[in-house]
Amino acid sequence: MLSHICLNWALLVLFTGSTVSELVVIGEVGQDVTVPCHYNVQSRNGITSMCWGRDRCPNSKCSRPIIWTDGWKVTEQHSSRYQLKGDLQRGDVSLTIVAAREEDSGTYCCRVEIPGWFNDQLINRKVVVNKARISTASPHTYTSEQTSAPGNTSESSSTVTRTWPSVSASEAPQTASTPCSGPSDCLDVAANLQNASVSLPRQQQAEHGLYVGIGSCAALLLILILALFLT
């Protein structure tokens with residue numbers, strides 16, 4: 001009976017192994033991801049070898065190993081992207097994945113080889129490497145539109161297109177070289193041009209009458225001088 005119980009216990013330990021804990025580590029593409037793993041070091045004699053593997057911890061060693069240490073230094077390294085940056089002599093054997101990629105996602109095994117039967121410390125870590133976050137917010141766009149004053153329903157924007165009456169260069173009044181700044185300014189310019197076009201014919205008529213009067217006076221004066229000369 002006792003031998004049967006011992007056999008069952010041995011088979012249970014053999015197939016289940018040491019106590020295995022599993023945590024999830026989340027990282028981002030392009031960033032360094034640190035997968036934690038520690039063991040207790042009470043003296044220099046407690047420093048021991050360990051390994052990291054790309055899969056769940058098997059019954060012995062590490063499956064698909066990526067890094068090994070003898071307890072003091074790294075002895076084997078699958079890639080320079082896998083590094084142990086912690087203090088090995090104090091039991092910090094955390095794995096750092098440099099410039100993580102999406103394909104680095106998966107389960108990692110940290111196995112600390114402690115002397116004795118079935119004494120190894122096994123830690124499984126699930127690593128999830130997500131894509132880098134990209135901001136989808138569109139840049140702010142500010143627009144400005146100048147509208148006509150209330151009541152002027154015929155004009156709805158600051159862009160006004162008008163056809164002015166034809167005026168010769170000598171008759172055109174001097175105006176500012178800059179375009180009108182708004183609809184009200186354009187209306188003032190139109191009114192001034194219309195007033196100028198009406199007043200110019202009146203001034204021409206007055207000047208024409210003045211010239212006729214001066215010519216008549218000169219003719220009468222000339223006739224009077226000739227009459228005096230003859231007499």
Side-chain angles (χ1 to χ4, degrees), residues 3-142:
S3 61
H4 180 69
I5 294 175
C6 292
L7 178 61
N8 289 338
W9 177 84
L11 291 175
L12 180 64
V13 172
L14 179 63
F15 286 103
T16 59
S18 303
T19 303
V20 179
S21 60
E22 183 171 359
L23 294 176
V24 178
V25 178
I26 300 176
E28 189 172 289
V29 171
Q31 303 294 327
D32 293 353
V33 178
T34 299
V35 188
C37 185
H38 301 80
Y39 70 97
N40 187 20
V41 177
Q42 297 181 352
S43 65
R44 293 175 62 88
N45 294 330
I47 299 174
T48 184
S49 59
M50 61 83 55
C51 64
W52 278 95
R54 284 293 305 267
D55 211 338
R56 296 184 62 84
C57 296
N59 294 330
S60 63
K61 307 299 180 180
C62 290
S63 59
R64 299 171 59 192
I66 57 177
I67 199 166
W68 280 89
T69 75
D70 59 2
W72 302 88
K73 64 182 182 301
V74 175
T75 56
E76 294 182 20
Q77 190 175 13
H78 177 71
S79 171
S80 60
R81 295 179 55 245
Y82 302 119
Q83 300 179 10
L84 301 181
K85 296 184 177 181
D87 190 345
L88 301 182
Q89 299 178 17
R90 293 187 178 182
D92 184 0
V93 290
S94 300
L95 174 67
T96 298
I97 305 174
V98 179
R101 306 167 184 170
E102 284 190 84
E103 54 267 27
D104 291 325
S105 299
T107 301
Y108 289 75
C109 167
C110 174
R111 187 184 199 101
V112 180
E113 297 177 327
I114 299 175
W117 283 27
F118 313 112
N119 288 335
D120 290 355
Q121 175 181 310
L122 310 179
I123 300 178
N124 290 319
R125 300 288 195 218
K126 184 177 181 181
V127 176
V128 178
V129 181
N130 298 319
K131 292 182 179 180
R133 298 177 182 178
I134 301 176
S135 177
T136 58
S138 59
H140 296 287
T141 303
Y142 298 95

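Just so it is clear, the model here is predicted, and its values are computed rather than measured.
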Nearest-0.5 Å distance that lies between atom [atom1] in [X] and atom [atom2] in [Y]:
| X | Y | atom1 | atom2 | result |
| --- | --- | --- | --- | --- |
| Arg90 | Asn40 | CZ | CG | 13.0 Å |
| Phe118 | Ser60 | CZ | OG | 10.5 Å |
| Met50 | Thr48 | CE | OG1 | 10.0 Å |

If you define the side chain from C-beta out and look only at heavy atoms, does anything of [X] sit under 4.5 Å from [Y]?
| X | Y | answer |
| --- | --- | --- |
| Tyr82 | Val35 | no |
| Tyr108 | Val25 | no |
| His78 | Arg54 | no |
| Val127 | Asp104 | no |
| Glu28 | Asn130 | no |
| Gln89 | Val41 | no |
| Leu88 | Ile47 | no |

Side chain [X], main chain [Y], donor-acceptor under 3.5 Å:
| X | Y | answer |
| --- | --- | --- |
| Gln121 | His38 | yes |
| Arg111 | Gly53 | no |
| Ser105 | Val129 | yes |
| Thr107 | Asp55 | no |
| Asp120 | Leu122 | no |

Quick check: closest heavy atoms across Thr34 and Pro36, and the distance to 0.1 Å?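 Reported closest heavy-atom pair: O-CD, 3.5 Å.
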Shortest non-hydrogen contact from Val29 to Arg101?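 That closest heavy-atom pairing would be CG2-C, 4.5 Å.
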Selection residues 61-77 - residue pairs positive for salt bridge (Lys or Arg N to Asp or Glu O under 4.0 Å), sequence neighbours left out: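 Every salt bridge (Lys or Arg N to Asp or Glu O under 4.0 Å) pair that includes a residue of residues 61-77, provided the two are not neighbours, is Lys61-Glu113, Asp70-Lys73.
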Tell me whether the count of non-hydrogen atoms from other residues, nucleotides or ligands lying under 6.0 Å of CD in Glu103 goes above 12.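 Yes - once you tally the heavy atoms of other residues, nucleotides and ligands closer than 6.0 Å, there are more than 12.
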Any side-chain donor paired with an acceptor under 3.5 Å for Ser43 and Asn45?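 On atom types as modelled, these side chains do not qualify, holding no pair under 3.5 Å.
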Candidate list Ile123, Leu95, Thr69, test side chain to side chain contact (heavy atoms under 4.5 Å, CB included), partner Trp52, passing option: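 When side chain to side chain contact (heavy atoms under 4.5 Å, CB included) is applied between Trp52 and each of Ile123, Leu95, Thr69, only Leu95 qualifies.
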Evaluate the pair Cys57, Cys62 and indicate whether the two SG atoms are within a distance below 2.5 Å.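 Unbridged: Cys57 and Cys62.
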